[in-house]
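A short worksheet on the structure shown next.
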Amino acid sequence: SIRNMAGYSLGYYQASFYKNVHHLNSEDYGVFLTFIVPIGGALGSFLGGYVSDKWSKRDDRARAFVCMLGQILAVPFIVGTLLWSRYELSFAFLFPAYVAAEVWLGPALTIVQSLVPSSLRGTSVAVYLFIISNIGGCGPFIVGAIDSAWNLRGALLIMVPGLYVVSA
């Protein structure tokens, strides 16, 4: 849930960030985000599942470690994304940030399913997704409050990398 607060905050405010901080119009940042977000996220999800499946053959804790390491690895990339003054480099940092930040999905769902009887796996995933979505959905509200008191870049710098670390 904490990790989703970061992800939802970034996703919700990304367009505003590139518009207000880098002074790009939607045609400019939209092209980059159209490729970076889904390709980086899908690649991260695949890699997280693949690595955790291979590693878990040797260590039962591997799935949890993959989730943790992905969030920690995403931090320097997301900080680079938010601090770099040239938008091209900001986007260059954003791609590996998405890859690293999204490795959690496959291992986390596998962990949830491994904790319940096979007859409850579908229900357990539904409850898990309900909880992380509802708690995670609070993130953009908090970013908005910080943005009102300070600025968007600062709000995202506090929330996204901070919550990635806390979720690890």
Practice item. Report the C-alpha distance between Trp150 and Ile158 in whole Å, list the side-chain angles of each, state the deciding distance to 0.1 Å, and finish with yes or no for side chain to side chain contact (heavy atoms under 4.5 Å, CB included). Key: CA-CA 11 Å; Trp150 194 19; Ile158 290 167; 3.4 Å; yes
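- With Phe91 as the fixed residue, the ring pair (Phe, Tyr, Trp, His ring centres under 6.0 Å) test singles out one of Tyr98, Phe32, Phe17: Phe32.
- Nearest heavy-atom pair across Ala101 and Tyr164 is CB-OH, 3.4 Å.
- Smallest separation of non-hydrogen atoms from Ser1 and Ile135: CB-CG2, 3.5 Å.
- One finds the NE2 atom of His22 at 5.5 Å from the CZ atom of Arg153 (value rounded to the nearest 0.5 Å).
- No chain of hydrophobic side-chain contacts below 4.5 Å, direct or via other Ile, Leu, Val, Met, Phe, Trp or Tyr residues, connects Phe141 to Leu10.
- In this structure a side-chain-to-backbone donor-acceptor pair under 3.5 Å is present from Asn25 to Asp28.
- Ser45 places no side-chain N or O within 3.5 Å of a backbone atom of Leu105 that could act as its donor or acceptor partner.
- Criterion: ILVMFWY side-chain heavy atoms under 4.5 Å apart, direct or through other members. Under it, Val116 and Leu109 are not part of a common hydrophobic cluster.
- When the side chains of ILVMFWY residues are joined at heavy-atom separations under 4.5 Å, either directly or via intervening members, Leu129 and Leu120 end up in two distinct hydrophobic clusters.
- Residues Leu94 and Leu33 form a side-chain contact, since some pair of their non-hydrogen atoms from C-beta on lies under 4.5 Å apart.
- Between Pro96 and Ala92, the closest heavy-atom pair is CD-O, 3.0 Å.
- Interatomic distance, Leu152 CG to Leu156 CG, rounded to the nearest 0.5 Å: 4.5 Å.
- A distance of 14.5 Å separates CZ of Arg61 from OG of Ser52, quoted to the nearest 0.5 Å.
- Atoms CE and SG, on Met5 and Cys138 in that order, are 5.5 Å from each other to the nearest 0.5 Å.
- Looking at Leu82 and Phe93, their side chains never come closer than 4.5 Å, going by heavy atoms from C-beta outward.
- Cluster membership for Trp104 and Phe46, using ILVMFWY side-chain heavy atoms within less than 4.5 angstrom, is not shared.
- Here the side chains of Gln14 and Val37 are in contact, with some heavy-atom distance below 4.5 Å.
- Note that CG of Asn4 is 4.5 Å distant from OH of Tyr8, once rounded to the nearest 0.5 Å.
- Annotation for Gly48 and Pro107: closest pair O-CG, 3.5 Å, computed over non-hydrogen atoms.
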**Study point:** side chain to side chain contact (heavy atoms under 4.5 Å, CB included) between Arg63 and Asp53, worked out
**Key:** CA-CA 8 Å; Arg63 295 188 200 288; Asp53 283 346; 2.8 Å; yes
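- Note that OG of Ser90 is 9.0 Å distant from CG of Leu83, once rounded to the nearest 0.5 Å.
- Annotation: Tyr87 is not in aromatic contact with Tyr29 [ring centroid separation under 6.0 Å not met].
- By the 6.0 Å contact criterion, CH2 on Trp84 is open, its count of non-hydrogen atoms from other residues, nucleotides or ligands being 12 or less.
- When all heavy atoms are compared, the tightest approach of Ala108 to Cys67 is N-SG, 3.8 Å.
- Side-chain N or O atoms of Asn20 include one that pairs as donor or acceptor with a backbone N or O of Ser16 at under 3.5 Å.
- By the rule that hydrophobic residues join a cluster once side-chain heavy atoms approach within less than 4.5 Å of another member, Met159 and Ile132 end up as members of separate clusters.
- In plain terms, the two heavy atoms of Ala155 and Val143 that are nearest each other are CB-O, 3.6 Å.
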